[in-house]
2 protein chains.
Amino acid sequence: MDMPQLRLVDSKTSVTKEKILDAAEGLFMEHGFEATGLRQITAEAGVNLAAVNYHFGSKEELFQAVLTRRLDPMNQERLALLDRLETDARDQPLTCEAIIGAMIIPALTLARDKARGGKNFLRLTGRAYADPAPFIRQFLSHQYAPMIARFKAAFGRTLPHLPARELSWRLHFLMGALSYTLAGTDVLKLISELNPVATDNDELLLRRLGPFLVAGLQAPLADLSELSELSAKPKAGRRGVRPA
Amino acid sequence: MDMPQLRLVDSKTSVTKEKILDAAEGLFMEHGFEATGLRQITAEAGVNLAAVNYHFGSKEELFQAVLTRRLDPMNQERLALLDRLETDARDQPLTCEAIIGAMIIPALTLARDKARGGKNFLRLTGRAYADPAPFIRQFLSHQYAPMIARFKAAFGRTLPHLPARELSWRLHFLMGALSYTLAGTDVLKLISELNPVATDNDELLLRRLGPFLVAGLQAPLADLSELSELSAKPKAGRRGVRPA
DNA sequence: AAAGGATTCAAACAAACGTTTGAATGTTTC
DNA sequence: GAAACATTCAAACGTTTGTTTGAATCCTTT
C-alpha cells in the first residue's frame with residue numbers, strides 16, 4: 001500500500017524529550033540557568049547525559065525549549081482574548097480593567113494548571129526577565145515583541161490623553177510589578193512578617209494586582225517642574241540615625 | 001628620610017580590596033553571580049587570584065560585600081529621610097507621595113553618583129532580588145527587613161482604611177515595579193520600539209514611577225465577591241470577557 | 001531476515017570552577 | 001638588624017562544567 005507519509009518523526013515528541021523538559025523546568029526554576037547542571041537534569045529525568053545535546057543541541061537551546069513550551073501558548077491566549085474583546089466592543093475603546101484582564105487571566109490559568117508547570121513555571125519566566133544573559137534577552141524580545149505591541153496599542157486607544165512615551169514607561173512599570181509578582185520570591189515574607197499571605201491562592205493574588213495596575217495606569221501625569229526640591233541632599237538632620 | 005609614613009594602611013580598606021570590589025561590581029552586574037568567575041574578577045582588577053579568598057573568604061562573601069558597600073548607606077539614608085518627614089509632620093500622617101519619595105530619592109541619588117557605581121549597581125540589586133539562591137535571599141532579608149518594616153508602618157498610618165494584608169500585597173507590587181525598573185533590563189526597548197526612552201535620565205524615570213506607585217497604593221479595594229467569573233475557564237461572562 | 005536510521009549508553013574530552021598551599025615579598029614592631 | 005605579621009604570588013588542588021565520541025541497542029522499512 002502506498003500509504004502517504006503519516007509516519008512522522010517530528011510529531012513524535014519522544015518520551016525522553018519531555019522527561020528532560022519537565023526536569024529542566026523544575027530545576028531551572030529552583031536554581032536558575034547557570035547554577036543548574038546538565039547532570040542534575042538528566043539524573044532527575046532518568047535519562048542519559050548525552051540525551052540533552054542529542055535532542056536539543058545545547059544547554060541554551062534546552063532552556064529556550066523549556067520556555068517556549070509554555071510561553072508560546074500563553075501569549076497566543078492573551079492575544080486571542082484581546083482580539084475577542086476588541087471585536088466585541090466594535091469601535092468602542094476597552095476599559096483598562098479588561099485589557100489588563102487579558103494579560104493576567106492566561107497567566108492565572110497557567111498558574112492553576114499544575115500539569116503545565118503551574119506557578120513554578122511562572123517563577124521561572126519572572127526570573128528570566130531579570131537575567132542579563134544575551135541569549136535570554138534576545139529570546140524574550142523575539143518572543144514577546146508582537147504581544148506587547150498589540151497591548152500597547154490597545155492601552156493607547158483606551159488612554160488617549162496619555163502621551164506615548166508616558167505610556168511606554170507605565171507599561172514598563174506594569175510589566176515589572178507583574179513579572180516580579182509572578183516570580184514570587186520570598187521577599188513577600190519580608191514585607192508581611194506577621195500576616196503571611198497564602199501563596200497558594202494565586203487567584204487572589206492576581207485579583208489584587210489588577211486594581212493596583214489599573215490605578216497606576218490611570219494616574220495623573222507627573223508634574224516635572226519642581227522636582228529639584230525633594231531630590232536635594234537633606235540639610236543637616238537634627239535627629240539622625242546613630243552611626244554607631 | 002624620617003618622614004612619617006602617612007598611615008597608608010587605613011586598616012579599613014586596602015587598595016586591592018577596593019579594586020576587587022569595583023571589578024566584581026561591574027562583572028556581577030553584567031553576567032550575574034553564578035556566571036561570573038573569580039578569574040575574570042581578579043584579571044580585571046589586576047590582582048592575584050588568591051586575593052579574593054584572602055580578603056573576603058569566599059566568592060559568596062565577596063558578593064555580599066559588594067552589595068553592602070552601597071546598599072547599607074542607601075537604606076540608612078532612606079530611614080533618615082523618613083525620620084525627618086515624620087518629625088517635621090508631628091502627629092499628622094504623611095502623604096503617599098512623601099513616603100514613596102523617601103524610598104526613591106536615595107536610590108535616585110545613588111544612580112546619579114557614578115563614583116558609587118551609578119545605575120549599574122542598582123541593576124545588580126534588582127537582579128539579586130530575583131535570584132533564588134538561598135544565601136542571597138537570606139542576605140537581602142536581613143538587610144532590608146528593618147527598613148521595610150518602618151515604611152510599612154508609615155504607609156499604614158497614611159492609608160488607615162487599607163487592611164494590613166492588602167497593604168502587604170501592594171507593597172509587594174510596589175517593590176516589584178521599583179526593583180524591576182531599577183534593574184533596567186532591555187525589555188524597555190521591547191515596549192517602546194519607536195520612541196526609545198533616554199535611559200541616562202534616571203531622574204525623569206523615577207519621577208514618573210512615583211505617580212504610578214501612588215495611584216496603585218491608593219487604588220480602591222478589589223471586589224472579591226465575583227471573582228470566579230473571570231478566572232473560570234470560559235463559560236458565559238457578562239460583558240467583556242466572553243469565551244468562544 | 002537483512003538493512004538503515006534513530007536513539008541510548010558509558011566513557012572521555014578539554015576547559016573552567018572555587019579554593020588551598022607554601023614560598024616569596026613587603027611592612028611594621030621590637 | 002631581626003623577629004613578627006600582612007600581603008602577594010605562582011602553582012596546583014580536586015571537582016565540575018558542557019560537549020563529543022563510537023559503539024551498542026531499538027525500531028521501522030525493505
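Chain naming here is simple, since letters A, B, ... match the order of the sequence lines and numbering starts at 1 in each.
- In this structure, the CG atom of A:N48 is 14 Å from the C1' atom of D:dG18, given to the nearest Å.
- At a non-hydrogen distance threshold of 4.0 Å, B:Y54, B:H55 from residues 51-67 of chain B come into contact with DNA chain D.
- At whole-Å resolution of the value, CD1 in B:I41 and C1' in C:dA16 are 14 Å apart.
- A:F151 and A:F155 have tilted rings, their planes meeting at an angle from 30° to 60° on a 0 to 90° scale.
- Applying the salt bridge (charged side-chain N to carboxylate O under 4.0 Å, His left out) test to B:R150 and every residue at least two apart in sequence or in another chain returns B:D83, B:E86.
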Distance-only donor-acceptor hits, side chain of residues 33-47 of chain B, under 3.5 Å, sequence neighbours excluded:
from  : atom 1 : to    : atom 2 : distance (Å)
B:T36 : OG1    : B:L27 : O      : 3.2
B:T36 : OG1    : B:G32 : O      : 2.6
B:T42 : OG1    : B:L38 : O      : 2.9
B:T42 : OG1    : B:R39 : O      : 3.3

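- Under a 3.5 Å cut-off, the side chain of B:R78 and the backbone N or O of B:M103 do form a donor-acceptor pair.
- Atom pair A:L49:CG and D:dT17:C1' shows a separation of 10 Å (rounding to whole Å applied).
- Taking the charged nitrogens against the carboxylate oxygens, B:D22 and B:R69 do have a contact shorter than 4.0 Å, which makes a salt bridge.
- Side-chain N/O atoms of A:T16 include one lying less than 4.0 angstrom from OP1 or OP2 on C:dT8.
- Residues from residues 30-39 of chain A lying near DNA chain C, meaning a heavy-atom separation below 4.0 Å, are A:R39 in numerical order.
- None of B:T125, B:T68, B:D72 except one satisfies the side chain to side chain donor-acceptor pair (under 3.5 Å) rule with B:Q143; the exception is B:D72.
- Listed pair B:Q40 / C:dA16 fails the phosphate criterion, with no side-chain N or O lying under 4.0 Å from OP1 or OP2.
- A donor-acceptor pair under 3.5 Å is formed between the side chain of A:R170 and the backbone N or O of A:L217.
- Rounded to 10°, the angle separating the first-five-pair axis and the last-five-pair axis of the helix from C:dA1-D:dT30 to C:dA12-D:dT19 equals 10°.
- Partners of B:Q64 under the side chain to side chain donor-acceptor pair (under 3.5 Å) rule, at least two apart in sequence or in another chain, do not exist in this structure.
- For A:I20 and C:dT8, the CD1 to C1' distance is 11 Å, given to the nearest whole Å.
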